[in-house]
Number of protein chains: 2
Amino acid sequence: MKRTDYAGNITESYLGQEVTVKGWVAKRRDLGGLIFIDLRDREGIVQIVVNPETQAQELVDLADSVRNEYVLSVTGKVIERASKNDKMKTGQIEIEATAIEVLASSKTTPFEIKDDVEVLDDTRLKYRYLDLRRPEMLANITMRHGVTKAIRSYLDNTGFIDVETPFLNKSTPEGARDYLVPSRVNKGEFYALPQSPQLMKQLLMTAGLDRYYQIVKCFRDEDLRGDRQPEFTQVDLETSFLSEEEIQELTEGLIAKVMKDVKGIDVTLPFPRMSWDEAMNSYGSDKPDTRFELLLQDLTEIAHKVEGFDVFSKAEAVKAIVVKGAADKYSRKQIDKLTEQAKQNGAKGLAFVKYDEGEFTGGVAKFMPGIADELIARLGLKNKDLVLFVADTLEVANNALGALRLTVGKQQGLIDYRQFNFLWVIDWPMFEWSEEEGRYMSAHHPFTLPTKETEGELVAGDLSRVRAHAYDIVLNGYELGGGSLRIHTRELQEQMLTALGFSLDDANEQFGFLLEALDYGFPPHGGLALGLDRFVMLLAGKDNIREVIAFPKNNKATDPMTDAPSPVADKQLEELSIKVEQAD
Amino acid sequence: MKRTDYAGNITESYLGQEVTVKGWVAKRRDLGGLIFIDLRDREGIVQIVVNPETQAQELVDLADSVRNEYVLSVTGKVIERASKNDKMKTGQIEIEATAIEVLASSKTTPFEIKDDVEVLDDTRLKYRYLDLRRPEMLANITMRHGVTKAIRSYLDNTGFIDVETPFLNKSTPEGARDYLVPSRVNKGEFYALPQSPQLMKQLLMTAGLDRYYQIVKCFRDEDLRGDRQPEFTQVDLETSFLSEEEIQELTEGLIAKVMKDVKGIDVTLPFPRMSWDEAMNSYGSDKPDTRFELLLQDLTEIAHKVEGFDVFSKAEAVKAIVVKGAADKYSRKQIDKLTEQAKQNGAKGLAFVKYDEGEFTGGVAKFMPGIADELIARLGLKNKDLVLFVADTLEVANNALGALRLTVGKQQGLIDYRQFNFLWVIDWPMFEWSEEEGRYMSAHHPFTLPTKETEGELVAGDLSRVRAHAYDIVLNGYELGGGSLRIHTRELQEQMLTALGFSLDDANEQFGFLLEALDYGFPPHGGLALGLDRFVMLLAGKDNIREVIAFPKNNKATDPMTDAPSPVADKQLEELSIKVEQAD
């Protein structure tokens, strides 16, 4: 029998008609001499009823024998339900079965197929095909398609051309660690899976494509965190001849379309812009969560007046956040926990005072008298306020307080989780100092265009002063994506690579094809990439991208379902001329 | 200055207006005291004119200094052209420049940027970004986007959900050779890049997605031919609860939409169906080019009556094609060439006769007398017909004549290249005998559903008799794609793997997750995959998929532009615990 419609679509409009539906048994029960089966498919659940008084014994026996997750084809007449369920789309009707076919049986599933079921992460992944049957997971995966559909629709309508770039690329040491693919034909050589199609999309600009996009898998062999996966999906775009603002405007249109199509929300355009300096100084983060205030306050000048407390008076920076009315809410123990967090973020410690009725108590209260009035005025202190200070380098003070701000914001219930706060962070530094590497590294990547005013420093030497035509798009404290204008002349690109410590030989070895391309009429260009997984995760209200990926890896980069990665046959390695080194 | 419109879009509607265009210098010439520049962008070419009588010397000097492939921003007034060019979209107007800015200069390009330029393949690939500037290549890449847009539109509107499946998978030895990716976290283990998302899409069916699609990169580490690449793109789809015919009907709708949107062609639906037996017997191919006849004729019975010529009388099969009126067109030398081709396809030789005025001449004419009348009647011979015979096993006769049929069809101009002949080849055998492996192998893959009537042979033993619910879609002699219904019970899947020589241990080791999934209510399902590269290639009228891929590899699986694959740093290999084995 051909299916009439999805089970979840059988509503009053089918009343009196004979229909056939196909799906999974969500529940079977006997009630008042009747057998009821909830049949589930991707659109929802419909109730089947088998009436022993009117149906053949064979059908009754069959209905009696089915168990949860059996796959059935059911034919019957749509009738009005005796006891209606207004919460269900199909709740006004039921199907009186006249024929049932068991298309597949099922053993008892390792966990129940319903939302909010308690299962170990790895069990969910091992039986991902069952996990995906849960309505919530199905909704996430379906929403993901809704997002890509909206993105494609917008980009197709604004002149972008979808172009596929290669997955088997050249390995370049700059940036994150590559996944390598040994070549069989070219023994001893390797392809690398793309960390992003950055250079390919730039080459498409000099090819004249003008507007390129791709929704594409990228790969980074880094240690995994909650919102990282070895493979992730990027909405990648690039344009020629546009300004930073024009690219941002296009991106805003794209995001507005997604928000409208997927969430039914009209976002206000343009999104706010915030300089990187402002973000770091006021939010202690290059991806500020602007759903709440609790801004970082600079008290350096005041703190330098404190006597007998070098921690404050001699610090490069003293900054603070004021937790309004929270003085009694934080015990010593809780403040110790915050101190621990501050230390994890590089601070030597966390100072605090509580304010009430003109008095400071606790923590560093004894050092306050000399600066009390100034501090109260500067911070606008009210009774029961708690002040948390970090005295350190400016960078450490910002980072530590930025992290505390998020923790305290959550603890104090300051965040409105219904809000979607988009924000551009602009005016980025070109480089950041890497303690680990002992050198300046690109804050974005080595193809980012420095500003005209500061590009001279590439050669003159103070790399900390070089600013980039770079912009990140931030949503609720997450970096949703980032982009920049790119360098489009060989001279500047060579200066950039030299500034990053490349010898001319190395630069040519690794990026020679780009440098050569810059010789042949390379247009001004720029673009952006959005993290699709993260975007969908935030739209779905989740805090782990695994919830919006059909078959993700666990945090050991393995798939408990297929057991990938796994050992391979010796013959396979021989053909590739590679050997696994035994551990000592 | 902001661009008003693409250069190629500046037509009469802009007459009298000031516009700004940005693009590449396609040509610069002095004529009658004026300087003309053809400015090219992705939409076409517009003519710029600089008039020394009205413009500042500075502008004139600048216009004089630009060379081919410089990138310019040009502002000026759109005026009517003195000498119109009706062949160009912009041929009625020109832009009288009032300002020109050189956005990028260019060295002389290694080849001229125009269609039909003679360049070595590897030079084109080394400078692919220049190659892509050629209007024909740009059109191919743009058409490719048109095709995927049409496909997505159709599938989105017929209830399909686009789901991304993983690129880092488990390696399975069945099928083609995998590309491997060493794992750093799990030393000594490897991921494999997907040859197709076959099992993942089947799991999505048991997850309840009902209709899945994806346009996705797949990878096979095989030796390369003209229309193969290490990575290729597949339009992949899968459905639950549908019959073979319903899946074919959906696919036909998909193809009709592409043909209409991209080529403006209304194809006739449904496409013809041909059994695999009929395809092999009449066309000598499982992917018949039905744009011309020249069918294979079975003469076995007649040939067995020939006396004194064991080659015919004792052959398992004697088959022939009749080249109408071509007797005088084929010299001995040309027939030798055809014989060579027949031998390359496994035949021991090629026999021929020419027919004229009731007489046979040449080749095996002397053996004809006894069967002449019967042969003439059977083949409907007319004057000047050439008959080419292969006497061998049926399989060899079919293959060899199938190949000759294509060669002769081309030589005789029998093919109408404007036609798009779609065809379903159905009723496939489940297995084909591999001489190389000395065993039966899956004609499609081990998850294909055998027919009810023949599935018993999986256990009973004659694998040659098992038929599959499989169907290939063929276009103009190319396999465009293939699909099947899939096995959805554990018992049958285990029988299939056993028939293919898997021990139960091996089966569980490699496909355990699928076998286990079959225990939990796995719905009947089936699907199809189309080769996107090949489809676009045929739509573009090309004979190599490289012409429709932005950055393909050459036939050594390398990219002459980036030099991928390449040696990598020792540190990278150490981290992966692998070592390259030195050649002896």
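Everything numeric in this text was worked out from a predicted model, so none of it was measured. Proteins come first, then strands; the chains are lettered A, B, ... in the order of their sequence lines, and each starts at number 1.
In this structure the side chain of B/S566 never reaches within 4.5 angstrom of the side chain of A/E509, judged on heavy atoms.
Heavy atoms closer than 4.5 Å to chain A are found in both the backbone and the side chain of B/L209. At a 4.5 Å heavy-atom cutoff, the contact between B/Y6 and chain A is made by side-chain atoms alone. With a 4.5 Å cut-off on non-hydrogen atoms, B/P523 touches chain A through its backbone and its side chain both. The contact between B/E246 and chain A is made entirely by side chain atoms (from C-beta outward), counting heavy-atom distances below 4.5 Å.
Closest approach of B/F513 to A/Y129, counting heavy atoms only: O-OH, 4.2 Å. When all heavy atoms of A/D156 and B/H145 are compared, the pair lying nearest together is OD1-NE2, 2.9 Å.
If you tally non-hydrogen atom pairs under 4.5 Å between each of B/T148, B/L518, B/L168, B/L132 and chain A, the highest count goes to B/L168.
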Q.
Go through it in stages, so that I can follow the logic: the residues are A/V216 and B/K217, the test is side-chain contact (heavy atoms from CB on, under 4.5 Å), and I'd like the CA-CA distance, side-chain angles, deciding distance and then a yes or no.
A. CA-CA 10 Å; A/V216 63; B/K217 275 284 176 73; over 6 Å; no
Q. Can A/L203 and B/R128 be said to form a side-chain contact (heavy atoms from CB on, under 4.5 Å), step by step?
A. CA-CA 9 Å; A/L203 292 176; B/R128 188 59 157 185; over 6 Å; no
(Q) Working note: B/L532 + A/E164, criterion side-chain contact (heavy atoms from CB on, under 4.5 Å); need CA distance, chi angles, decisive distance, verdict. (A) CA-CA 11 Å; B/L532 179 68; A/E164 294 179 64; 3.7 Å; yes
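B/R184 and A/D178 are not joined by a salt bridge, as no carboxylate oxygen comes within less than 4.0 angstrom of a charged side-chain nitrogen.
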